Amino acid sequence: FRSPVNPSPLALVQGPGNDTASHLGFMVWDGKLLEYNYLVNEMKRDPEFRIESEPSDHVDLVKDSKFCLFLYGGEMTWMVEAMALGCVPVVLVDRPVQDFPLTDVLRWSDMGLLVRTRGGLKRLKAVLNGVGGDRYQQMRELGVAASRHLVWNLEPQPYDAFHMVMYQLWLRRHTIRYARREWV
C-alpha cells in the first residue's frame, strides 16, 4: 500500500466539489491489477461510473462524482486530492485492511468505504446507493477535513502530515520495546 500522503496542497486550495454529482463513481484505471479486469470492464459499460485510463487532470471528474474508487494495492496516491475535493473514497479490496495511514489518529470507516469485489458491479452499486444522504454528507465533510492532515508540506504546518505522524508515534510510545543490553 502506497501512502496517500500528497506532496502538494493544490487540491486543498481548490475546495470541495458541488453537491450535485452526476456520476456515482469515478476511478483511474492503470490496468496493472489484472484480477480486477472483470469488475472494471463492467463499470466501463455502466453510465453511472466514469473510468479513466489516461493520465489527465481529474479535478472536474472528481468533483462530478459522489464516490472515488481505488483498488487496494493499486494507484492510491491521489486519494487525498479526491477527499479534499469532496469525493468519498471507496477502496475495493477482498481482505481485511489495517495499513491505512494514520490509523491511530483518523477513523477511515467514518470517511470512506471498504467494499469487496465479490458480487461484481451489482453488489458495488447496492453498497454505494445504500449510503444515505446524511451519512454521505457526513463522510464527505469528514474526508475534506481529514485531507488537510494528509498533506506533506515542505515546511511543516500545524496539523499537517508531519505533525500527524509525530502524534501517532507519540501515541505508540508505550508499545515500543527495547532490547535489554547485558553490560559486562
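Please read all numbers here as calculations on a predicted model, not as lab measurements.
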[X] [atom1] to [Y] [atom2] distance, which is reported to the nearest 0.5 Å:
| X | Y | atom1 | atom2 | result |
| --- | --- | --- | --- | --- |
| Ile51 | Glu42 | CD1 | CD | 11.0 Å |
| Leu69 | Phe26 | CG | CZ | 9.5 Å |
| Cys68 | His23 | SG | NE2 | 11.5 Å |

Query - Test: Lys125 and Asp46 ion pair at under 4.0 Å - result: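 Looking at Lys125 and Asp46, the cut-off is met.
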Below 4.5 Å, heavy atoms only, C-beta onward: do [X] and [Y] meet side chain to side chain?
| X | Y | result |
| --- | --- | --- |
| Arg50 | Asp64 | no |
| Phe49 | Met27 | no |
| Trp29 | Lys44 | yes |
| Val62 | Glu81 | no |
| Asp160 | His163 | yes |
| Leu113 | Leu128 | yes |
| Arg45 | Leu121 | no |

Query raised in the report: Minimum heavy-atom separation for Tyr136 to Gly86, with atom names?
Result: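 The pair with the smallest heavy-atom distance is OH-O, 4.0 Å.
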Query raised in the report: What is the minimum heavy-atom distance between Gly120 and Leu39, and which atoms define it?
Result: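 What the structure gives for the nearest pair is C-CD1, 3.7 Å.
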Query raised in the report: Which word best sums up how the rings of Phe70 and Trp78 line up, parallel for under 30°, tilted for 30 to 60°, or perpendicular for over 60°?
Result: tilted
**Report entry** The single option from Met111, Arg148, Arg140, Met139 passing side chain to side chain contact (heavy atoms under 4.5 Å, CB included) against Met83
**Finding:** Met111
Query - Test side chain to side chain contact (heavy atoms under 4.5 Å, CB included) applied to Arg116 and Leu124, Val127, Asp94, the passing residue - result: Asp94
Requested in this report: Please say whether more than 12 non-hydrogen atoms of neighbouring residues, nucleotides or ligands are located less than 6.0 Å from CG in Asp110.
Outcome: yes
Is there a continuous path of hydrophobic side-chain contacts, each under 4.5 Å between heavy atoms, that joins [X] to [Y]?
| X | Y | result |
| --- | --- | --- |
| Tyr159 | Leu150 | yes |
| Met43 | Tyr38 | no |
| Leu171 | Trp108 | yes |

**Report entry** Check: Lys63 main-chain N/O paired with Asp60 side-chain donor or acceptor under 3.5 Å
**Finding:**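 No.
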**Report entry** Under 3.5 Å donor-acceptor, Gln157 side chain and Glu155 backbone
**Finding:**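 Checked: pair present.
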